[in-house]
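Heavy-atom basis, side chains included; hydrogens, waters and symmetry copies ignored. Below, chains carry the letters A, B, ... as their sequence lines are ordered, and counting in each starts from 1.
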Number of protein chains: 2
Amino acid sequence: MKHRATINDVAAAAGVSVSTVSKAVNGRYGVSSQTVDRVLAVVVELGYESSLIASSMRSRTTGVIGVLVADFEPFSAEILKGVGQALRHSRHDLLAYSGSHGSADGWERRSLSRLSGTLIDGAIMVTPTVVDAGTEVPVVAIDPHTGPADLPTVESDSFGGALQATRHLIELGHTRIGFIAGRPDLRSSIARDAGYRRALTEAGLAVDPTLVGSGSYRADAVREAALEMLARADRPSAIFAANDITAIEIMRVGAELGLDVPGDLSIIGFDDIPEGSKSTPALSTVRQPMQMLGAEAARLLLALMQGETPDPIHLTLPTRLVPRATTAPPRTSAAGIR
Amino acid sequence: MKHRATINDVAAAAGVSVSTVSKAVNGRYGVSSQTVDRVLAVVVELGYESSLIASSMRSRTTGVIGVLVADFEPFSAEILKGVGQALRHSRHDLLAYSGSHGSADGWERRSLSRLSGTLIDGAIMVTPTVVDAGTEVPVVAIDPHTGPADLPTVESDSFGGALQATRHLIELGHTRIGFIAGRPDLRSSIARDAGYRRALTEAGLAVDPTLVGSGSYRADAVREAALEMLARADRPSAIFAANDITAIEIMRVGAELGLDVPGDLSIIGFDDIPEGSKSTPALSTVRQPMQMLGAEAARLLLALMQGETPDPIHLTLPTRLVPRATTAPPRTSAAGIR
DNA sequence: CTGTTAGCGCCTTCAC
DNA sequence: GTGAAGGCGCTAACAG
């Protein structure tokens, strides 16, 4: 493990001062071209690269955009692809950071604090909950929390998507339709809940509170809620899950209970993550344009960073029903309605 | 944009010196518990978080693991998921960095130099080409370049996979089988080329050099090679592409040329990225366990960082044929052979 | 044109 | 138990 060359090493080897090296490397004026040449030759020879950290401490601008996530799971990975695509030709480096491991929640503020003001010039936060606007750098939130929408946001039409999903089940003939909710602090989760209820209501179906479980997008909570719901004699014949991860976990629980999907139980998710289309049977879902969420967030952020104030500061992208193999008419068609 | 609280703000507000704050925050000995309490109260009140950057400059260890990629495309995104999974319970933060935008190539060394020794305690590099071992932090390479295998690597069985892919085409009855190669500097690309040739040879088919194009995993190069190959009168009836991105681009070219896939042209890729199974028709491919590559790399790196010297320092993971809808027997079965 | 002098925010001796 | 001083690698004023 050899020590990497610092600006001091270069300066010493080239026989100049560190500030001269700094100027030469960064193409500042006020250095003779022959000095520049000599310095750059040494730079190549020593394999010197300026430390991102050290320079960011002084210069207040780094050309790096940060994407802050709780975790690298399928949803945030798709977002990341979209951001990467949008930034590919923008001479900005991209830094994705996941620092959830500290405290249970509040990762957003923590990560942002630790990186902002120094390392990154702007940030995109994925499913953040507690973020007070008024940080040092511009921030755009994707699929944000409930509460005052102080900062620019990009999300998809969760209400409309939930409506489509639930209507799809109703049209198949289901009347006992369960819902396993997501993180109650996310605006999108609440909208999906609302869409579910609206669809039932408009079809003249009552909302049975015992058919609504809370999953919080966490496997253990989902499992518990699903078990409770499916072990009952009057179990639902279909479940709408607040996202695909949740849906896949429910499929697992259903299998353990010996239920046939979609024969005994229809399941529909939300997101359309890659993992869903590869499950067996392939998961029916509502597609939200995740990569586009990322790309739009990047565009917004770029504008913000250039001091512009983009006009629509809250973007909502459309969702689309993607029926696959986990939804079907209920087997014992006591359906009746419609 | 309010300025975030620094250690100085905390010190001033608590009426102590910065060094006391540092000790209190980091749980060092030599501070009275009541002072600690007071300091921590101020920390909470001000929402102070130590700057990752500043502390990393002094402390030489940050608890952050870096994943260095050229770009956030499907392959590296899958890797990232795997790394994230492996690190989920390891109290390490994860930082993914893409800094390709500077110079054409050599991003690996540049990114590593800029981050290592300060920001990250260890690095996983995805498809790196030029990396001299002997950096400041432990490094593991995924799908590495050709040349001396100085550093620990994780890759999948490209030769075997290519063999399976090409045999699959041969078994379907194809005899004119093209190949569009990947980045010639990657060991995996060369192995796929070799597997292709071996499969042809063992089936008694000659390798026609005009049926081998170079794509370098770049859309424009792939397009050019595919156009040239497919515009000919004696065009191949099947093409094996060195990865799925390449295969998808070939599908596009085929469509433009009015070729029916798989009727006029069978195509098989390599990787099994999510995008492949969603194409129309669904892409036949060879699956490599991308998430597992990431997870294994993380495990290796963790061991390295703890000073251990893991025994198998080069891992090769198995691949598996996934025939889907883009491969079929040739229409005008002039096949004959076998 | 080039070198010197200050820090950026933090952590670590080393005195008090 | 606490504070002052020094320095990590770099850049941005200033001098020379």
If we ignore hydrogens and angles and just use 3.5 Å, is the side chain of A:Arg4 paired with the main-chain N or O of B:Ser113 as donor and acceptor?
yes
Would you check if the side chain of A:Arg218 reaches a backbone N or O of A:Ser216 as a donor-acceptor pair within less than 3.5 Å?
no
Result of checking B:Leu315, B:Leu301, B:Leu302 against B:Val140 for side-chain contact (heavy atoms from CB on, under 4.5 Å):
B:Leu301
With A:Val64 as reference, evaluate A:Asp121, A:Leu115, A:Leu95 under the side-chain contact (heavy atoms from CB on, under 4.5 Å) test and give the passing residue.
A:Leu95
Under a 3.5 Å cutoff, is there a donor and acceptor pairing between the side chains of A:Ser19 and A:Ser22?
no
Side chains of A:Tyr217 and A:Ser189: any donor to acceptor distance under 3.5 Å?
yes
Of A:Ser76, A:Ser188, A:Ser156, which is the lone residue that meets side-chain hydrogen bond (donor to acceptor under 3.5 Å, both in side chains) with A:Asp143?
A:Ser188
Spacing of [X] atom [atom1] relative to [N] atom [atom2], expressed in whole Å:
{"X": "A:Arg58", "N": "D:dC8", "atom1": "CZ", "atom2": "C1'", "result": "13 Å"}
{"X": "B:Leu115", "N": "D:dG9", "atom1": "CG", "atom2": "C1'", "result": "14 Å"}
{"X": "A:Leu119", "N": "D:dC10", "atom1": "CG", "atom2": "P", "result": "14 Å"}
{"X": "B:Ile7", "N": "D:dG3", "atom1": "CD1", "atom2": "P", "result": "12 Å"}

With a 4.0 Å cut-off (strictly under) to non-hydrogen atoms of chain B, the first and last hit nts on DNA chain C, 5' to 3', are C:dG9 to C:dT12
Tell me which of B:Arg38 and A:Thr6 sits closer to the 5' end of DNA chain D, going by the nucleotide each one is nearest to.
B:Arg38
5'-most contact on DNA chain D: B:Val36 or B:Met57, nearest heavy atom basis?
B:Val36
Bend across the helix from C:dC1-D:dG16 to C:dC16-D:dG1, to 10°, with axes taken over 5 pairs at each end?
50°
When all nucleic acid strands are considered with a 4.0 Å heavy-atom cut-off, which category describes B:Thr35: base, sugar-phosphate, or nothing?
sugar-phosphate
Is it the case that atom CD in B:Glu308 sees more than 12 heavy atoms from other parts of the structure closer than 6.0 Å?
yes
Value rounded to 0.5 Å, distance of OG1 in B:Thr6 from CD in B:Glu49
13.0 Å
Minimum-distance pair of heavy atoms, taken over all atoms of B:Ser56 and B:Thr62:
CB-CG2, 3.2 Å
Minimum heavy-atom distance between A:Gly99 and A:Arg110, given as atom pair plus value:
O-NH1, 3.2 Å
Strictly below 4.0 Å, heavy-atom distances to any atom of DNA chain D: list the hits from residues 17-32 of chain B, or just say none.
B:Ser17, B:Ser19, B:Thr20, B:Lys23, B:Gly30, B:Val31, B:Ser32
